[in-house]
Amino acid sequence: EVELEREICNKLIKGTEMRPFFPLPARRIILFPYIKDGDSTRLIEERDLNQQTPKAYEYLKENEMALRSRERGKMNNKGWYRYGRNQALDVVSLPKLITPDLAPRSSFLFDAYGDFFFLGGAAGGYGILPKIEFHPLYLVGILNSQAISFYITSSGQQMESGYYSFEARFIRSTPIRTINFNDPADVARHDKIVALVERMLELNQKLSSAAIPADKKLYQRQIKATDQQIDALVYKLYELTAEEIKIVEEATQ
């Protein structure tokens with residue numbers, strides 16, 4: 001067992017723990033020895049690390065030789081405890097949508113506070129920074145709908161496992177229904193989807209903490225019903241015909 005200061009640790013979730021709307025409980029912690037400096041992120045100085053988070057610094061010192069020997073000695077210098085790769089360090093702690101790299105269907109969730117860190121590659125996922133004109137939960141509802149899940153999986157790449165790739169090149173062209181905020185009917189649709197996604201998050205939270213089987217079944221039924229309401233709204237937003245809806249639902253069962 002290792003005791004570390006909370007402020008230098010973040011939750012780490014793998015792709016298999018990313019579920020539609022709501023992740024499974026995080027079982028891993030990542031030590032993040034970096035600090036925001038304006039719009040960028042920089043490594044915490046070793047002296048400051050020792051003063052501000054002495055337990056974490058002690059843990060790093062216990063592993064100093066292993067950390068310095070990474071990448072054939074390339075890390076054997078002043079920043080011996082830094083990450084070997086620095087892609088996305090400036091944005092990983094921002095609010096974002098997250099999708100696993102591989103999934104049987106759309107599994108987008110919203111990290112409202114930038115709490116969740118994740119890996120890249122097949123075991124990890126991708127982060128999406130939402131544009132401000134949309135409520136992030138509107139995007140979560142759209143992307144997790146059966147209609148959009150059908151679009152991505154149909155136009156993407158299926159693996160031998162039956163899973164589909166949700167990497168950037170397959171989700172980049174996903175059609176997002178824009179909202180005319182001068183149209184009260186459009187605003188009402190937007191707000192209804194946001195409200196339903198909020199309901200999904202609340203129900204998933206209750207399901208995650210439920211201990212009684214009867215309660216779990218109740219929340220599962222309510223989640224399914226709310227999910228169906230979101231699907232119905234998305235069908236209307238995209239003006240799908242009855243025949244098109246039938247194709248989508250048969251393909252996504």
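What you see is a predicted model, and the numbers here were worked out from it, not measured in a lab.
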Could you tell me whether Lys61 and Glu58 have a side-chain N and a carboxylate O separated by less than 4.0 Å?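 No, this pair does not count.
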Does this structure show an ion pair linking Asp227 with Lys224, if we count only N-O contacts that are shorter than 4.0 Å?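 Lys224 and Asp227: not salt-bridged.
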Interatomic distance, [X] atom [atom1] to [Y] atom [atom2] [nearest 0.5 angstrom]:
| X | Y | atom1 | atom2 | value |
| --- | --- | --- | --- | --- |
| Ile35 | Ser40 | CD1 | OG | 11.0 Å |
| Ile171 | Tyr151 | CD1 | OH | 12.0 Å |
| Lys216 | Lys206 | NZ | NZ | 16.0 Å |
| Asn144 | Ser107 | CG | OG | 6.5 Å |
| Ile176 | Ile142 | CD1 | CD1 | 6.5 Å |
| Leu201 | Leu196 | CG | CG | 11.0 Å |

Only pairs at least two apart or in different chains count here, so list each salt bridge (charged side-chain N to carboxylate O under 4.0 Å, His left out) that has a residue in [range].
| range | result |
| --- | --- |
| residues 3-12 | Glu3-Lys55 |
| residues 234-253 | none |
| residues 106-118 | Lys96-Asp111 |
| residues 80-93 | Glu71-Arg85 |

Answer with yes or no whether the hydrophobic clustering places [X] together with [Y]; edges join I, L, V, M, F, W, Y residues whose side-chain heavy atoms lie under 4.5 Å apart.
| X | Y | answer |
| --- | --- | --- |
| Leu12 | Leu67 | yes |
| Ile98 | Leu129 | no |
| Leu109 | Ile148 | no |
| Ile13 | Leu94 | no |
| Ile179 | Leu97 | yes |

Any side-chain to backbone donor/acceptor pair from [X] onto [Y]? Under 3.5 Å, distance only.
| X | Y | answer |
| --- | --- | --- |
| Arg68 | Met65 | no |
| Ser149 | Arg105 | no |
| Thr226 | Gln222 | yes |

May I have all residue pairs that pass ring-ring contact (aromatic ring centres under 6.0 Å, His included) and include part of [range], sequence neighbours excluded?
| range | value |
| --- | --- |
| residues 175-226 | Tyr138-His190, Phe181-His190 |
| residues 222-253 | none |
| residues 103-130 | Phe32-Phe117 |

Walk me through it: do Phe22 and Ile223 pass the test side-chain contact (heavy atoms from CB on, under 4.5 Å)? CA-CA 11 Å; Phe22 197 82; Ile223 287 171; over 6 Å; no
Stepwise side-chain contact (heavy atoms from CB on, under 4.5 Å) test for Leu102 and Ser165: CA-CA 5 Å; Leu102 296 174; Ser165 175; 4.3 Å; yes
CA sep, side-chain torsions, deciding dist, call: Arg221, Lys217, side-chain contact (heavy atoms from CB on, under 4.5 Å): CA-CA 6 Å; Arg221 288 197 301 270; Lys217 289 183 179 179; 4.0 Å; yes
Could you pull out all residues at least two apart from [X] that satisfy side chain to side chain donor-acceptor pair (under 3.5 Å)?
| X | value |
| --- | --- |
| Arg28 | Glu17 |
| Asp231 | Gln146 |
| Thr53 | none |

Under a 4.5 Å cut-off applied to non-hydrogen side-chain atoms, are [X] and [Y] in contact?
| X | Y | value |
| --- | --- | --- |
| Val92 | Asn10 | no |
| Ser154 | Tyr164 | no |
| Gln51 | Asp48 | yes |

For Tyr57 and Glu46, test the side chains for any donor-to-acceptor distance below 3.5 angstrom and give the result as yes or no.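 Result is yes, a qualifying pair exists.
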Step through the shown structure and confirm whether more than 12 heavy atoms of other residues, nucleotides or ligands are within 6.0 Å of OH on Tyr34.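 For Tyr34, atom OH is crowded (more than 12 foreign heavy atoms under 6.0 Å).
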Over 12 non-hydrogen atoms of neighbours within 6.0 angstrom of CG in Asn180: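 Yes, enclosed.
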Take Thr153 and Gln158 through the side-chain contact (heavy atoms from CB on, under 4.5 Å) test and state the conclusion after the steps. CA-CA 7 Å; Thr153 55; Gln158 185 176 13; over 6 Å; no
Pairing residues for Leu31 by the side-chain contact (heavy atoms from CB on, under 4.5 Å) criterion, not counting sequence neighbours: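 Residues passing side-chain contact (heavy atoms from CB on, under 4.5 Å) with Leu31: Leu4, Ile8, Pro33, Ala56, Tyr59, Leu60.
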Closest non-hydrogen atom pair between [X] and [Y], with its separation:
| X | Y | value |
| --- | --- | --- |
| Ala103 | Phe166 | O-CE1, 3.6 Å |
| Arg177 | Leu237 | NE-O, 3.2 Å |
| Ala147 | Leu240 | CB-CD2, 4.4 Å |
| Leu43 | Gly79 | CD2-CA, 4.0 Å |
| Thr99 | Met18 | C-SD, 3.7 Å |
| Leu139 | Pro130 | CD1-CB, 3.6 Å |

Non-neighbouring partners of Glu198 that pass salt bridge (Lys or Arg N to Asp or Glu O under 4.0 Å), sequence neighbours left out: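 Per chain and number, Glu198 pairs via salt bridge (Lys or Arg N to Asp or Glu O under 4.0 Å) with no residue.
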